[in-house]
Every structure is written in C-alpha cells, then in structure tokens.
S.K.: 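Below is the structure I would like to discuss, written out as structure tokens.
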Amino acid sequence: MPELPEVQTTVNGLNKVLKGKKITAIWSAYNSPHYKGKENIKDKKYFLRFRKNTLNSPVLGTDRVGKNILIHLKNGVTVLIHMKMTGHLLYGKYEKRKEEWEASEKGPLQDPFNKHIRLVFELNNGKHVVLSDMRKFAKVMYIKTKDLERHSDLLSVAPDSFKLSQNEFVKRLRNKKSGKIKSILMDQALVSGIGNIYSDEILFETNIHPETDIDAVDNKKLEEIWRVSRKILERGINLGGDSMSDYRNIKGEKGKFQNKHKVYRKTGERCLKKNCPGKIKRKVIGGRSAHFCNRHQKLIKTKKRK
DNA sequence: CCGCTTACCTGTCAGC
DNA sequence: TGCTGACAGGTAAGCG
C-alpha cells in the first residue's frame, strides 16, 4: 500500500468521521480457500466470527502501527486492516446494485481505482466505510484490544521513524551485520512505515546507492537517513499521501506526493539534484524496483572485515 | 539466519 | 486485434 504517509492519511480521515459510530452490517466479497483456518476474513468461517465480534459497538478511535490501521471498538475488540498493495478505505454513502456496491453520489468515490469494493461496513448513520482492493491482498482481522501488543501481527512491527529516537534508529540498523540498505529500510521489523517509494526517495536524498551494504554505511550516514526519513515521510503526510497508483484518501481523492518524486518511476530522466549530470536508473533489488541516480548515488563496496 | 523465489490477485501497458 | 510477458505502495512462507 500505501506506506506510512498514506496509512496516516487514511487514519486521520477515519478519526474525523468514525468516532462514536457503530458498524450495523458487514458485507464481504473476499473468499479464498488459500486462507482456510487463518485469522483472516478471506476465510468464510473466520468472517462470521469477525462479524459477530465487531457489530454494534461504538468506535472509540483509529490509529496506526507501522502500515497497519487499528480501529478500536468500545467492546474491547480492535479491527486490524492492512491495505497491502492496492487496498484503501473510503467513506460515503453507498448502495448495492446486484452484487456490486456503488457510491450513491457523483464524485471522486466513483474514480475507477475506487470501484474494486471487496468489503463494506454499514454504519448507524446510513453511511458506509468500504475497502477498495483491486488485487485482494488486504488483510482484515480482529484482535482483543488488550492482547494487541502480544499479537504476532504487531509484535513483528518495529516502531516507525517518528517513534524512534536518532540513537534508537541507528542502533537498530547497526544490529544488522549485512544486507542491502534499501531492503533494510523496508524491513518492517527494523523500522516500520517505509516501503518502495519512500525508500527510493530517502536514498536519493541522502546520496546512497540502494545496494550499499549496511556495513559500508557509517553511523553519521545512518543519522542522516533517520533525519531525512522523518522529513520525507512528513512531507508525504502533509501532501495527503502518494497516488501514483491506486491510493486515495477516504473521500476518494488523490494525494499529491507523486508530483514530488525525484526518482521513483523516473527511469531515464535527468537527475534533479542541483548540478548533478546523472540519469535515473532502475534495478531490481530484493525483488523490488529500485530507482537511483547513476552519478550521485555511487555504490560503495563493503569494507572487508577480517 | 540469509537471501532468493513463489504465492496471494487483478489490471494495464508495451511489444510482437 | 489478440496474445504474452513485465510490472504494480506488501508481506508470508518455503527452500537451499
């Protein structure tokens, strides 16, 4: 998904509309035998339990842990939503036509990327929160609120750049003895919230080649990454997230961070750094597309250790 | 433990 | 106009 700024944008939106509301009905199009016996609403049996545990209890508030959305209910249950690649939550008035849900009013909610509706929460004010999720990768489950921090889904999520102090951030990354810096920044167990777009942008800004081994990145540089990651993620939040692809805010509107990309999906373009004659290259690193400048992001080889 | 591949899915786009 | 393959904000599981 949606990386930290997009998840935060969604959470901010939900907090404005959801507090005190109750879910009065739930409809789901998810159903896959692949998830049989798993804690995931894509398992039909689990879905029935999910529904029983989440209906008719007022929403206390919504927050974010890494890229996970948590919706806390008064009855001691928390709904966890991970939007993965193409999921995003929308709020508005919807109606069901045959087996398809449609936004009742003309506007951004009818944007094509908002029409892959897989899950619908009907609220007691007659409106709906729906999950549009083209690729059906999203994960939705419920957890007893008091068990949240012991739950495996959240235990494996590290604090994000805003929660970590500079020292903690450096210490965490320093603990990794090897690995490519881009993959490390995207490792949610080390520091959460950063995904493919923001990692590319952070490494561009800090002049680091994405394949640089963590061993070749000194502490000063890690401190800089911490500072820049906060700056860029904050910028993403202030711009309402990144809508290069599917992501939209809960009104169905685009964010604006995609207009500020310096490298992500800019293959072949000239480097935007002042006085840099470089060109943007694309290379698959750790199974993901990395974008970087071939001049000011030089690969520095690991110092050989004995 | 590490890193790579596969799987979960649907859709779009480039090239033949 | 098809078809085929590459690619897409993420992550878990399986493998060597």
Side-chain angles (χ1 to χ4, degrees), chain A residues 1-10 29-43 64-69 80-89 111-119 131-141 152-158 160 175-202 211 213-215 232-233 236-237 239-249 254-261 263-265 267-268 282-291 302:
Chain A
M1 108 183 105
E3 304 179 38
L4 185 153
E6 292 74 46
V7 181
Q8 189 63 52
T9 299
T10 292
Y30 289 115
N31 185 11
S32 163
H34 182 80
Y35 296 88
K36 201 166 183 63
K38 301 263 169 66
E39 284 187 292
N40 190 314
I41 59 157
K42 293 174 190 174
D43 176 49
R64 177 186 64 72
V65 172
K67 301 177 189 170
N68 297 276
I69 294 171
L80 181 155
I81 301 176
H82 194 305
M83 312 194 270
K84 301 284 179 84
M85 294 281 261
T86 58
H88 54 276
L89 292 169
D111 176 318
F113 281 121
N114 294 333
K115 298 184 99 168
H116 304 274
I117 296 165
R118 315 296 190 194
L119 183 66
L131 178 59
S132 178
D133 180 21
M134 187 180 79
R135 290 176 74 182
K136 298 186 183 171
F137 286 169
K139 177 173 192 178
V140 181
M141 62 189 295
S152 57
D153 271 65
L154 295 178
L155 266 182
S156 56
V157 178
D160 59 46
N175 268 341
K176 282 295 254 194
K177 48 245 143 271
S178 71
K180 293 165 183 161
I181 186 68
K182 178 176 171 73
S183 306
I184 284 172
L185 285 182
M186 289 171 53
D187 184 344
Q188 303 301 302
L190 280 179
V191 50
S192 67
I194 300 171
N196 207 29
I197 295 178
Y198 292 94
S199 61
D200 274 4
E201 296 296 325
I202 292 164
E211 271 182 308
D213 195 281
I214 185 72
D215 246 21
I232 292 183
L233 292 171
I237 295 170
L239 289 165
D242 187 301
S243 296
M244 167 128 282
S245 182
D246 303 53
Y247 179 75
R248 300 293 184 269
N249 68 21
K254 287 186 176 192
K256 296 192 172 73
F257 190 74
Q258 69 280 7
N259 303 324
K260 306 292 179 185
H261 291 174
V263 272
Y264 183 76
R265 290 214 209 169
T267 312
R282 174 182 171 275
K283 184 173 184 190
V284 175
I285 298 173
R288 309 299 300 278
S289 282
H291 308 78
T302 308

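Heavy atoms only: backbone and side chains are in, while hydrogens, waters and symmetry mates are out. Just so it is clear: chains get the letters A, B, ... in the order the sequence lines come, proteins before strands, and each one is counted from 1.
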S.K.: Does A:D242 reach a base, just sugar-phosphate, or nothing at all? Heavy atoms under 4.0 Å.
M.R.: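 Base contact.
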S.K.: Check whether any side-chain N or O of A:T86 sits under 3.5 Å from a backbone N or O of A:D246 as a donor-acceptor pair, and report yes or no.
M.R.: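 The answer is no, because no donor-acceptor pair under 3.5 Å joins these two groups.
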S.K.: Taking all atoms of both residues into account, what is the closest heavy-atom pair of A:Y264 and A:N196, and its distance?
M.R.: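 The answer is CE1-ND2, 3.9 Å.
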S.K.: Can a donor-acceptor pair be found, under 3.5 Å and without considering hydrogens, that links the side chain of A:T9 to the backbone of A:P5?
M.R.: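 Pair found, side chain donor or acceptor close to backbone of A:P5.
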S.K.: What nitrogen or oxygen pairs link the protein and nucleotides 10-15 of chain B at under 3.5 Å?
M.R.:
residue : atom : partner : partner atom : Å
B:dT10  : OP1  : A:K136  : NZ           : 3.0
B:dT10  : O4'  : A:M134  : O            : 3.4

S.K.: Is it the case that the side chain of A:K42 and the backbone of A:K136 share a donor-acceptor pair, with hydrogens and angles ignored and the cut-off at 3.5 Å?
M.R.: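 Here the side-chain-to-backbone pair exists.
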S.K.: Taking atom P of C:dC7 as reference, at what distance in whole Å does atom CD1 of A:I197 sit?
M.R.: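 Going from A:I197 (CD1) to C:dC7 (P), I get 17 Å.
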S.K.: Under a 3.5 Å distance rule, please check whether A:Q258 uses its side chain to pair with a backbone N or O of A:S243 as donor and acceptor.
M.R.: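 Checked: pair present.
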S.K.: Any side-chain heavy atom of A:T10 sitting closer than 4.5 Å to one from A:I81?
M.R.: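 A side-chain contact is absent here, since even the closest heavy-atom pair is not under 4.5 Å.
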S.K.: Between A:S183 (side chain) and A:I285 (backbone), is there a donor-acceptor pair under 3.5 Å?
M.R.: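 Flag not set: sc A:S183 to bb A:I285 has no pair under 3.5 Å.
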S.K.: Report, one pair per line, the protein and nucleotides 4-6 of chain C atoms (nitrogen or oxygen only) whose separation is under 3.5 Å.
M.R.:
none

S.K.: Listing time: all N or O pairs from protein to nucleotides 11-16 of chain C that are below 3.5 Å?
M.R.:
residue : atom : partner : partner atom : Å
C:dT11  : OP1  : A:H82   : NE2          : 2.9
C:dT11  : OP2  : A:K67   : NZ           : 3.0

S.K.: Could you give the distance separating C:dA12 and B:dG11 at their P atoms, to the nearest angstrom?
M.R.: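 Each nucleotide's P atom is 25 Å from the other's.
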S.K.: If you measure from the C1' atom in B:dG3 to the same atom in C:dA8, how many Å do you get, rounded?
M.R.: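 Nearest-Å result for B:dG3 against C:dA8 at atom C1': 22 Å.
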S.K.: Taking atom C1' in both C:dG10 and B:dC13, compute the distance separating them and give it to the nearest angstrom.
M.R.: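 Taking atom C1' in both C:dG10 and B:dC13, they lie 22 Å apart.
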S.K.: Which residues pass the side-chain hydrogen bond (donor to acceptor under 3.5 Å, both in side chains) test with A:S289, sequence neighbours left out?
M.R.: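 With sequence neighbours excluded, A:S289 shows a side-chain hydrogen bond (donor to acceptor under 3.5 Å, both in side chains) to A:R282, given in chain and number order.
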S.K.: What is the distance, to the nearest angstrom, from the CG atom on A:D133 to the P atom on C:dA8?
M.R.: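 Going from CG in A:D133 over to P in C:dA8 covers 18 Å.
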S.K.: For A:E201 and A:V263, indicate whether the former's side chain and the latter's backbone hold a donor-acceptor pair under 3.5 Å.
M.R.: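 Present.
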S.K.: Roughly, in whole Å, what's the span from CE in A:M244 to P in C:dC7?
M.R.: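 About 17 Å, once rounded to whole Å.
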S.K.: Whole angstroms only, please: what is the CG-C1' distance between A:D187 and B:dC1?
M.R.: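 Those two atoms, CG and C1', are 13 Å apart.
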S.K.: Minimum heavy-atom separation for A:R64 and A:D160, please, with both atom names.
M.R.: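 Where A:R64 meets A:D160 most closely, the heavy atoms are NH2-OD2, 2.8 Å.
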S.K.: When you get a sec, tell me which of C:dG10, C:dA8, B:dC9 is the closest nucleotide to the side chain of A:Y264?
M.R.: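 The listed nucleotide nearest to A:Y264's side chain is C:dA8.
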S.K.: Which value, in whole Å, describes the distance between the P atoms of nucleotides C:dG5 and B:dT6?
M.R.: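 Between the two P atoms, the distance is 15 Å.
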S.K.: How close do A:S132 and A:F113 get, heavy atom to heavy atom, and via which atoms?
M.R.: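 Here A:S132 and A:F113 meet closest at OG-O, 3.0 Å.
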S.K.: Looking only at heavy atoms, which two atoms of A:M186 and A:S199 are closest? And how far apart?
M.R.: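 Heavy-atom minimum between the residues: SD-OG, 3.5 Å.
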S.K.: What is the distance, rounded to the nearest whole Å, between atom CE of A:M83 and atom C1' of B:dC9?
M.R.: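 It is 18 Å, rounded to the nearest whole Å.
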S.K.: Which helical stems does DNA chain B take part in, if a stem means at least 3 consecutive Watson-Crick or G-U pairs with both distances below 3.5 Å?
M.R.: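 Result, WC/G-U stems under 3.5 Å: B:2-8 with C:10-16, B:10-16 with C:2-8.
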S.K.: Nearest whole angstrom, please: distance from the C1' of C:dA8 to the NE2 of A:H261.
M.R.: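 Checked: the NE2 to C1' distance equals 13 Å.
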S.K.: Search all heavy atoms of A:S178 against all heavy atoms of A:I184 and return the closest pair with its distance.
M.R.: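 That would be O-CD1, 3.9 Å.
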S.K.: Between the side chain of A:N40 and the main-chain N/O of A:Y35, is any donor-acceptor distance below 3.5 Å?
M.R.: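 Checked: no pair found.
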S.K.: Any donor and acceptor pair, going by atom type alone, linking the side chain of A:E6 with main-chain N or O of A:D242 inside 3.5 Å?
M.R.: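 Such a contact is found between A:E6 side chain and A:D242 backbone.
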S.K.: With heavy atoms under 4.0 Å as the rule, sort A:S32 into base, sugar-phosphate or nothing.
M.R.: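 Result for A:S32 = sugar-phosphate.
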S.K.: Are any protein N/O atoms closer than 3.5 Å to N/O atoms in nucleotides 3-7 of chain B? If there are, list each pair with its distance.
M.R.:
none

S.K.: State, without any angle test, whether A:D200 and A:H261 hold a side-chain donor-acceptor pair at a distance under 3.5 Å.
M.R.: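 The answer is no; no qualifying pair exists.
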S.K.: Any idea which heavy atoms bring A:A189 and A:A158 closest together, and the distance?
M.R.: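 Nearest pair, atom of A:A189 first, then A:A158: O-CB, 3.3 Å.
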